[in-house]
Amino acid sequence: MSRRILIAGNWKMNKTSAEGAELVNGIRSALTDCCADKLPEVLVCPPFLDIATAVCAAKGSAVEVGAQNVHWASSGAYTGECSTAMLLDAGCTHVIVGHSERRQYFGETDATVNKRAKAAVDAGLVAVVCVGETLEERESGATTKVVGRQVREAFSGFSANDMSKVVVAYEPVWAIGTGKVATDEQAQEVHAFIRKTLGEMFGSECGDSVRILYGGSMKPGNAAGLLKQKDIDGGLIGGASLKADDFVAIIKAAMA
Ligand code: 13P
């Protein structure tokens, strides 16, 4: 089963529209000398307000644009939210769902992650669904219990066909923005567990075909080792996606 590597940048709450366009231009121009059929899939996920200019800057290049969140309702009184139709209209192909920062600071639960992800795939967006344990959960030996629950609840009610529009991102909370990256072995172990869980839920063919990204302090210096692991199919990158040079270095590590 061949799974195309996906290198995705989560800009979080960074960059104005002009800064975002400059970053996309930097990425696309650095990739022009790369052989197109060797390139991984490349995605940037700016804040909502930067999406339109990022889409404009990415036009005609290999760079795709996604959002960082989406609501499950098609419209209505949901202050501060955006619908799938709005994201598609703006030119998004992907949307991040259930990032740990949304779970931690904005009351996101497994149930709302499930609703957002289902609305995304039903609308034809690729849902990049984030899971991952806290340091306390890891240290108490609860990693697989927590990640297993997050995966089962996020995809409850999904069909195997729905899963063809899903990417899972394993982001250990203790590795996000801390500079403390999971070792290649720690990450591979949880990725294999997620794949096994998906196999139990949807059959092994589906488990083998879903891409699972690693996220948490992925940098140019550690990307190659992580991306070499059997069950790691790319990265969801925060800090290092904010500088074209660093992000492109990770894309190139995926091509080596
Ligand atoms: P950092 O790469 O800054 O650790 O962030 C990872 C992340 O949360 C991506 O979604």
Review point. L135: which other cluster members, linking ILVMFWY side chains closer than 4.5 Å, directly or transitively?
Key: W174
Review point. Are any side-chain N or O atoms of T93 and backbone N or O atoms of E64, one a donor and one an acceptor, separated by less than 3.5 Å?
Key: no
Exercise for review: With sequence neighbours left out, write down each residue that passes ring pair (Phe, Tyr, Trp, His ring centres under 6.0 Å) with H191, or none if nothing qualifies.
Suggested key: Y170
Study note, to complete from the structure: Of all heavy-atom pairs linking S17 and T53, the shortest is CB-OG1, 3.4 Å
Review point. Does E139 reach the main-chain N or O of E136 with its side chain, forming a donor-acceptor pair under 3.5 Å?
Key: no
Review point. What pairs with E200 under side-chain hydrogen bond (donor to acceptor under 3.5 Å, both in side chains), at least two apart in sequence or on another chain?
Key: R152
**Study point:** Same apolar cluster (I L V M F W Y, side chains within < 4.5 Å links), V113/F106
**Key:** no
Point to revise | Contact check, side chains of V97 and C130, non-hydrogen atoms, under 4.5 Å | key: no
Point to revise | Residues that T134 engages under side-chain hydrogen bond (donor to acceptor under 3.5 Å, both in side chains), provided they are two or more places apart | key: E137
Residues 71-79, side-chain donor-acceptor partners within the protein, below 3.5 Å, at least two apart:
| from | atom 1 | to | atom 2 | distance (Å) |
| --- | --- | --- | --- | --- |
| H71 | ND1 | A73 | N | 2.9 |

Exercise for review: Step by step, work out the side chain to side chain contact (heavy atoms under 4.5 Å, CB included) result for V146 and R138.
Suggested key: CA-CA 9 Å; V146 169; R138 174 161 283 264; over 6 Å; no
**Study point:** A57 backbone acceptor or donor facing R28 side chain under 3.5 Å
**Key:** yes
Check your understanding: Looking only at heavy atoms, which two atoms of G66 and P46 are closest? And how far apart?
Key -> O-CD, 3.1 Å
Check your understanding: Can you tell if the side chain of K165 reaches within under 4.5 Å of the side chain of L125, non-hydrogen atoms only?
Key -> no
Check your understanding: Rounded to the nearest 0.5 Å, how far does NZ of K196 lie from CG of D208?
Key -> 13.5 Å
Exercise for review: Go through the structure and list residues passing ring pair (Phe, Tyr, Trp, His ring centres under 6.0 Å) with F158, not counting sequence neighbours.
Suggested key: F155
Review point. Do T144 and V190 come close enough that some side-chain heavy atom pair is under 4.5 Å?
Key: no
Check your understanding: Just by modelled atom types, is the M86 backbone N or O under 3.5 Å from a matching donor or acceptor in the D89 side chain?
Key -> no
Exercise for review: Give, for atom CD1 of I251 and atom CG of L6, the distance between the pair rounded to the nearest 0.5 Å.
Suggested key: 10.0 Å
Check your understanding: What residue pairs, at least two apart or across chains, pass ring-ring contact (aromatic ring centres under 6.0 Å, His included) with a residue in residues 202-229?
Key -> none
Review point. Between F48 and A67, what is the shortest heavy-atom contact and its length?
Key: CE2-CB, 4.0 Å
Less than 3.5 Å apart, which donor and acceptor atoms pair up between the side chains of residues 238-245 and the rest of the protein, not counting sequence neighbours?
| from | atom 1 | to | atom 2 | distance (Å) |
| --- | --- | --- | --- | --- |
| S241 | OG | I237 | O | 3.1 |
| S241 | OG | G238 | O | 2.7 |

Review point. Would you say the side chains of Q188 and D231 form a donor-acceptor pair under 3.5 Å?
Key: yes
Check your understanding: Just by distance, do the side chain of Q186 and the backbone of T183 share a donor-acceptor pair under 3.5 Å?
Key -> yes
Review point. Is the side chain of Q68 donor-acceptor paired with the backbone N or O of K12 at a distance under 3.5 Å, no angle test?
Key: yes
Practice item. Could you tell me whether the side chain of D50 and the main chain of G20 form a donor-acceptor pair under 3.5 Å? Key: no
Exercise for review: Decide yes or no on side chain to side chain contact (heavy atoms under 4.5 Å, CB included) for V121 and M163, but give the supporting numbers first.
Suggested key: CA-CA 8 Å; V121 302; M163 294 306 289; over 6 Å; no
**Study point:** Partner set under side-chain hydrogen bond (donor to acceptor under 3.5 Å, both in side chains) for W11, not counting sequence neighbours
**Key:** none
Review point. So if you build clusters from Ile, Leu, Val, Met, Phe, Trp, Tyr with side-chain heavy-atom gaps below 4.5 Å, do L226 and F247 land together?
Key: yes
Check your understanding: What's the spacing between R195 CZ and I212 CD1 if we round to 0.5 Å?
Key -> 4.0 Å
Review point. I250, V128: one ILVMFWY side-chain cluster at the under-4.5 Å cut-off?
Key: no
Check your understanding: Can you tell me how far NE2 of H99 sits from SG of C45, rounded to the nearest 0.5 angstrom?
Key -> 10.0 Å
Check your understanding: Less than 4.5 Å apart, any side-chain heavy atom of L43 and any of V65?
Key -> no
Practice item. Could you give me the CA-CA distance, side-chain angles and deciding distance for D122 and D162, then say whether side chain to side chain contact (heavy atoms under 4.5 Å, CB included) is met? Key: CA-CA 8 Å; D122 284 349; D162 290 334; 4.2 Å; yes
**Study point:** Verify same cluster id: I27, I7 (apolar side-chain graph, 4.5 Å)
**Key:** yes
Point to revise | Nearest-0.5 Å distance that lies between atom CG in N25 and atom SG in C56 | key: 9.5 Å
Review point. Taking side chain as C-beta onward, heavy atoms only, is V126 less than 4.5 Å from V95?
Key: no
Review point. Are any non-hydrogen side-chain atoms of K15 and L23 less than 4.5 angstrom apart?
Key: yes
Exercise for review: Determine whether V173 and E133 make a side-chain contact, defined as any pair of heavy atoms from C-beta on separated by less than 4.5 Å.
Suggested key: no
Review point. Would you say the side-chain atoms of D233 pair up with the backbone N or O of R3, donor to acceptor, closer than 3.5 Å?
Key: no
Exercise for review: May I ask you to decide whether D246 forms a salt bridge with K219, counting only side-chain N to carboxylate O separations under 4.0 Å?
Suggested key: no
Point to revise | Worked verdict on V44 versus V24 for side chain to side chain contact (heavy atoms under 4.5 Å, CB included) | key: CA-CA 8 Å; V44 296; V24 171; 4.2 Å; yes
Revision key, fill the gap. All heavy atoms of A175 vs all of V181, minimum pair found to be CB-CA, 4.4 Å
Review point. Between I96 and I5, is there a shared hydrophobic cluster once you connect ILVMFWY residues whose side-chain heavy atoms come closer than 4.5 Å?
Key: no
Review point. Hey, does the side chain of N222 reach the backbone of S217 with a donor-acceptor pair shorter than 3.5 angstrom?
Key: yes
**Study point:** Pairing of R116 and E81 as salt bridge, 4.0 angstrom limit
**Key:** yes
Exercise for review: For R103, enumerate each residue passing the side-chain hydrogen bond (donor to acceptor under 3.5 Å, both in side chains) test, keeping only those at least two apart in sequence or located in another chain.
Suggested key: D110
**Study point:** Non-hydrogen atoms of A117 and V129 that approach each other most closely
**Key:** CB-CG2, 3.9 Å
Check your understanding: Distance only, no hydrogens: is a donor on one side chain within 3.5 Å (strictly under) of an acceptor on the other, for Q104 and S100?
Key -> no
Revision key, fill the gap. For I51 and A90, the nearest pair of non-hydrogen atoms, with its separation, is CG2-CB, 3.8 Å
Check your understanding: According to the side-chain hydrogen bond (donor to acceptor under 3.5 Å, both in side chains) rule, which pairs have a member within residues 32-49, sequence neighbours left out?
Key -> E41-H94, E41-R211
Point to revise | Pairs where residues 24-44 contributes a residue and the test ring-ring contact (aromatic ring centres under 6.0 Å, His included) is met, not counting sequence neighbours | key: none
Check your understanding: Sub-3.5 Å donor-acceptor pair from the side chain of Q229 to the main-chain atoms of A187, do we have one?
Key -> no
**Study point:** Non-hydrogen side-chain atoms of L213 and I232 separated by less than 4.5 Å
**Key:** no
**Study point:** CG on N10 to CG on L236, rounded to 0.5 Å
**Key:** 5.5 Å
